[in-house]
Amino acid sequence: MLVRSALPSVRRGPQRDAGRPRGAALRRRAPALLGAALALLLGCSGAAQAPAARPARVVKTPPAQPKAPEGPPLLPAQVVAELEDEDATPYFARRGDEALLLYAAGGRWRTRVIGADGAPRGDVVDAGPAAADVPVAALRAGPQGYIAAWIEQIGGSRAVRALALDPAGKPVAPASAVAQTAEEITWLDVLPNAKGALVLWEMPREDRVDVVMTVLAQDKGAAIKPTAPASVAREVLGWNAVATKRGAAVALVLPPAAPPPRAQGKAARKADAEDAGEAAKLGSVSLLEIDAAGKVSAPVAVSPEPTAQIDLEIAEVGGRYLLTWTDERDIDSAVYLAAAEPGGKVVVAPRQATPPSGEQALVSLVAPPAGAGGRALLAWEDVLRPRGGDGGAEVGGAGRLIHLASVGPDGALGAERAALVFSASGPPDLTADGDGFAAVTLAPATLKAARDAAAAPPIWPTFVRFGPDLSVRAAEPVRAAPFAATGGVPYLVRGLSCHKGACVTLASAAAGAGAQQGGAQQGGAARAAGAAGAAGARAPLALVSLPVRESAWRAPAFREDRDPPPRATAVRALAEGDPLAKVAAAELEGGAALAAWVTYFVEGASDGAPRGQDLSATLAVRAASPGGLGKLNVLSQKASSLGGVAIATAPPAPADPKGKGGAAQAESVIAWVARERGETQVYVTKVDATGAKLAQKKLTTAPRKKQGGAASEASDVAIAYDGAGGFIVAWVDTRDGNAEVYAARVDRALNRTAPDRRITNAPLDAAEVQIAVRGQEAWLVWSDARPAGDAAAAGAAGGEATGDVFFARLDAKTLQRIGDEARLHASPEHSRSPVLAPHEGGVLVGWVDEPAGDGAAAGGGGAAGGAGGRARLVWLDNGGAMQGPPVTIDGPDGASVSSIALACDKACRGVLASAPGDSVALSAFTLAPGEAAAPPLKPLAWLTGSASRDVSPALAGRSGASLFFADDAVSGSGRVRWMTIAWP
């Protein structure tokens, strides 16, 4: 059955330039952040305005190709027809050991029987006249032969016709007129049953469709008798159907009776009109059945929530109906599954089919052969997963990763997972293959022995055959002798089919490619079968066998559950709303964590505040644990985006000797900056393990307003538990003129125990201070624009000091500096975004170096000559002394590095954000303490936000098992995400 995967290729282009300022913007310390650029890209899967004809799974070879690899043999093939139009659609259906080919040539329908060995049987049969314009047709095997139906465009009207064919492909009688209308008909399918067939078609009604049917009754050896068209469902958002012995089962996406309430956990957004438009494309899921006589049952609600996209699919597995769709009931869209018995009883309530992995979209559901039992195949795509070629050692090249898992009648997915590379939009061609599955995809074609990684491989149609455990049995490009004029590679591949362990696919050449050359190479075995009388070049159509054999080609698929760590095991969204400026996280007991974030807010450029209210950025916190997400706690709507946010956790306080107060619990303190009446001050807020506010105090009271000049600002907060019952807060302050680093100390009750202390005294600005406590000392790192003593870095970027990373040690009790500040690395590049990760032997310090003057353009994909940003790591021993020169880490494939997160336990682990092209990628690495060589990078995820965004990655705790970061949704809103990572 031809079905539609409504998943478009997700464009990962620029969406917003809103984000934490970097580079030049950071050095200049502009009073307002950069403005956010409008952008809204491709929508979610299934969101078509008026459903058009559903495309068949056609794999089209790109016209421009690099040099092809040489050597491997071609696949066996038989030329079965010649097409007058290279884009014409042939139709193919199996019936037992034989199959039938249907195509149009010379204004006539032609059929040809294909034997079990893939070779043509007999001559071409003239099956009757074919209209010049047939946008959609279907061919299915029936109880007495085959049934074809199609849509004709005749002048200003549309007609549906049906034709019965005997097992030899000969028409039983002339084609029957089923329906004719002046309205549009966009899709049609034939659903055979034990007594005949049902023909269903759809008629668009603006953004909805009507589903109409007819019954094709057929007495033995007689012509079909269509009944009058009858309605199946009116004004539905989407539908899909599966043939059964009893008739058919139809799954529907029904529009909500009223605008649906917002899904739980979704933050309110300003674009109400956009939300209403998106909601109109979502609906509830229902199921109805049609018997062989055309009686339609009442719809049964399968998923009453109006949260389903229209990419609904249905299959019959083990005597049950499996329904699957992309669902938006949570912040991230996810693939849902449900199961129902014949008659409509829901036996498996709707549930998320796969572990959370960010935004998901359904690709397809492939059923096992009718009556064969077995398991179906679920295919889906994760937006936030590595692209093809990054997820497994067996795959080379880039493309979308389509994830595969088998599913039984109980709706439970098998433990085995596979991934398939698809270098195009739309779905690959998938089908059941005995006890396994088969696919035809479009992917980079490389040999296993190829060593020239710099050469771009050609993108060819390639078949993959999977075993029942989804291991790869065989894989080769679809190359055959009939297409010798194009190196053996066909122009179009479609119609994948398998029977008793043998798989074939239809492949056609471009017009003029010539089948004679291929026929000669096959020793005359292949012969053209097109109709006579048509002049001009024709496109040879061949049936290509897809054997299981040893191959020199690298498979564009791999067993995903065998992918070695580090790898992302789950991704969930914590919040959705405005774009994010900064994300921070801290680890709690039992694998839980607290994430805090501050949104991006442009002073004077936002209009979301009600009249009379002084609103700025939003500060929020949420707990995350293996058991689920806690309540989202909004702590303030008067935060400063430039102030950032930081969080530190203290162990439970000592028990009350009198036994009062109950069991002691860990407490966390959040440092942030509030903006009130145009002034900024540093605040500290104590929260419990759920993120609920326990106490809050203002840390600074510095006068900010100045006569005749800009008010001073507080920004870039950092905080650490001091190990003695208190917290040390550091921040950047301009109260004394230029930006300098300050620090203060508070106890568990948030009372100050040490006054503000200025830490730096330099002629130029400091920024982005970070803090860690080691024993009786507090260690600080920050970016400072002061010139180097030897002037090595001075004068860069037209005389502007570019900034290096500095390090200082403080007495944790008095905050007095211990010794002198140290410059960790003098460079003409701009050093920014430092991070600290303590370990047993000292501290690992990391930061980003980007070319001077390049500023926020670091996200622009600086692959040329390695001109983009890079990360540097420095080991400091327990005395603060550097252990060797910095370790330099370039982004994957020379991509510009935008930020870094570090965590150290017995080994140090890091996550690198880089900008290959116009999007952001997250990569993971591990490093042994003291190691001086650059570690290899392992891709974790591709994000949906713009390359200019700083995603602010933060690892919670020393294990690095939880990563929190900012990302844009496909719709353009900002999201805070939580990724769990499996490390070696």
Side-chain angles (χ1 to χ4, degrees), residues 16-27 33-34 384 579-585 595 597-598 600 641-642 644-646 716 718 767-770 781-783 803 805 829-837 844-851 854-862 868-874 886-892 895-903 908-916 919-925 937 939-956 960 962-968 974-977 979 981:
R16 293 178 183 264
D17 290 332
R20 184 171 177 79
R22 304 203 305 258
L26 179 64
R27 294 195 296 273
L33 300 179
L34 296 176
L384 302 184
L580 282 300
K582 181 69 175 180
V583 178
W597 60 90
V598 62
Y600 175 82
S641 298
L642 280 175
V645 64
D716 293 345
E768 298 182 300
V769 63
Q770 296 291 305
V781 292
W782 67 94
S783 175
V805 173
E829 298 173 311
H830 175 60
S831 300
R832 60 170 179 83
S833 306
V835 289
L836 282 167
L844 178 62
V845 182
W847 67 88
V848 174
D849 275 353
E850 63 184 21
D854 203 22
R870 65 198 67 189
R872 296 192 195 274
L873 305 175
V874 165
V887 178
T888 302
I889 307 178
D890 292 318
S896 180
V897 176
S898 57
S899 51
I900 186 172
L902 296 173
C908 290
R909 295 157 172 171
V911 173
L912 197 75
S914 60
S919 57
V920 178
L922 297 180
S923 304
F925 63 88
L937 298 175
L940 286 178
W942 285 75
L943 308 187
T944 53
S946 164
S948 63
R949 293 291 309 276
D950 184 350
V951 300
S952 186
L955 288 167
S962 288
L963 175 74
F964 296 87
F965 57 95
D967 186 35
D968 282 341
R975 293 188 180 179
V976 181
R977 299 193 187 273
M979 175 188 290
I981 304 173

Subject >> Salt bridge flag under 4.0 Å for residues E768 and R832 >> reply: no
**OP:** Measure the shortest side-chain to side-chain distance between L384 and R977 over non-hydrogen atoms and say whether it is less than 4.5 angstrom.
**Re:** yes
Subject >> For F964 against V583, the heavy-atom pair lying closest together >> reply: CB-CG1, 3.9 Å
Original post:
Residues in salt bridge (charged side-chain N to carboxylate O under 4.0 Å, His left out) with R872, at least two apart?
Top reply: E829, D849
Original post:
Less than 4.5 Å apart, any side-chain heavy atom of W847 and any of V874?
Top reply: yes
Original post:
Going from OG on S962 to CD1 on I981, what distance comes out if it is rounded to the nearest 0.5 angstrom?
Top reply: 8.0 Å
Original post:
Among all residues two or more places apart in sequence or in another chain, which pass the side-chain contact (heavy atoms from CB on, under 4.5 Å) test with R909?
Top reply: T926, S959, W983
Original post:
Can you check whether S914 reaches P892 side chain to side chain, under 4.5 Å on heavy atoms?
Top reply: yes
Original post:
Between atom CD1 of I900 and atom OG of S833, what is the distance when rounded to the nearest 0.5 Å?
Top reply: 10.0 Å
**OP:** Please name all residues satisfying side-chain hydrogen bond (donor to acceptor under 3.5 Å, both in side chains) with W597, sequence neighbours left out, ordered by chain then number.
**Re:** none
Subject >> Least distance between heavy atoms, A947 atom then V920 atom >> reply: CA-CG2, 3.8 Å
Subject >> Distance in Å, L922 CG paired with L937 CG, rounded so as to fall on 0.5 Å steps >> reply: 11.5 Å
Original post:
Who are the side-chain contact (heavy atoms from CB on, under 4.5 Å) partners of S899, not counting sequence neighbours?
Top reply: A913, D950, V951, P953
**OP:** Without swapping roles, check the side chain of R949 against the backbone of P579 for a donor-acceptor pair under 3.5 Å.
**Re:** no
Subject >> Exercise: identify the closest heavy-atom pair between W942 and P916 >> reply: CH2-CG, 3.4 Å
**OP:** Grab the two heavy atoms, one from A901 and one from L963, that are nearest each other, plus how far apart they are.
**Re:** CB-CD1, 4.5 Å
**OP:** Considering non-hydrogen atoms only, spot the tightest contact between P834 and V781 and give its length.
**Re:** CB-CG2, 3.9 Å
Original post:
In Å, rounded to the nearest 0.5 Å, how long is the span from CD of E850 to OG of S896?
Top reply: 7.0 Å
Original post:
So, the side chain of D967 versus the backbone of L943: is there a donor-acceptor pair under 3.5 Å, distance only?
Top reply: no
Original post:
How many angstroms lie between SG in C908 and CG in L902, if you round to the nearest 0.5 Å?
Top reply: 7.5 Å
Original post:
Got a sec, which residues hit side-chain contact (heavy atoms from CB on, under 4.5 Å) with A584, two or more places apart in sequence or on another chain?
Top reply: V645, I647
Subject >> Candidate pair F965 and S952, rule side-chain contact (heavy atoms from CB on, under 4.5 Å), full reasoning >> reply: CA-CA 6 Å; F965 57 95; S952 186; over 6 Å; no
Original post:
Does A954 have any side-chain contact (heavy atoms from CB on, under 4.5 Å) partners at least two apart in sequence or in another chain, and if so, which?
Top reply: A585
Original post:
Under a 4.5 Å cut-off applied to non-hydrogen side-chain atoms, are V835 and V845 in contact?
Top reply: no
Original post:
About how many Å separate CG of L873 and CD1 of I889, when rounded to the nearest 0.5 Å?
Top reply: 4.0 Å
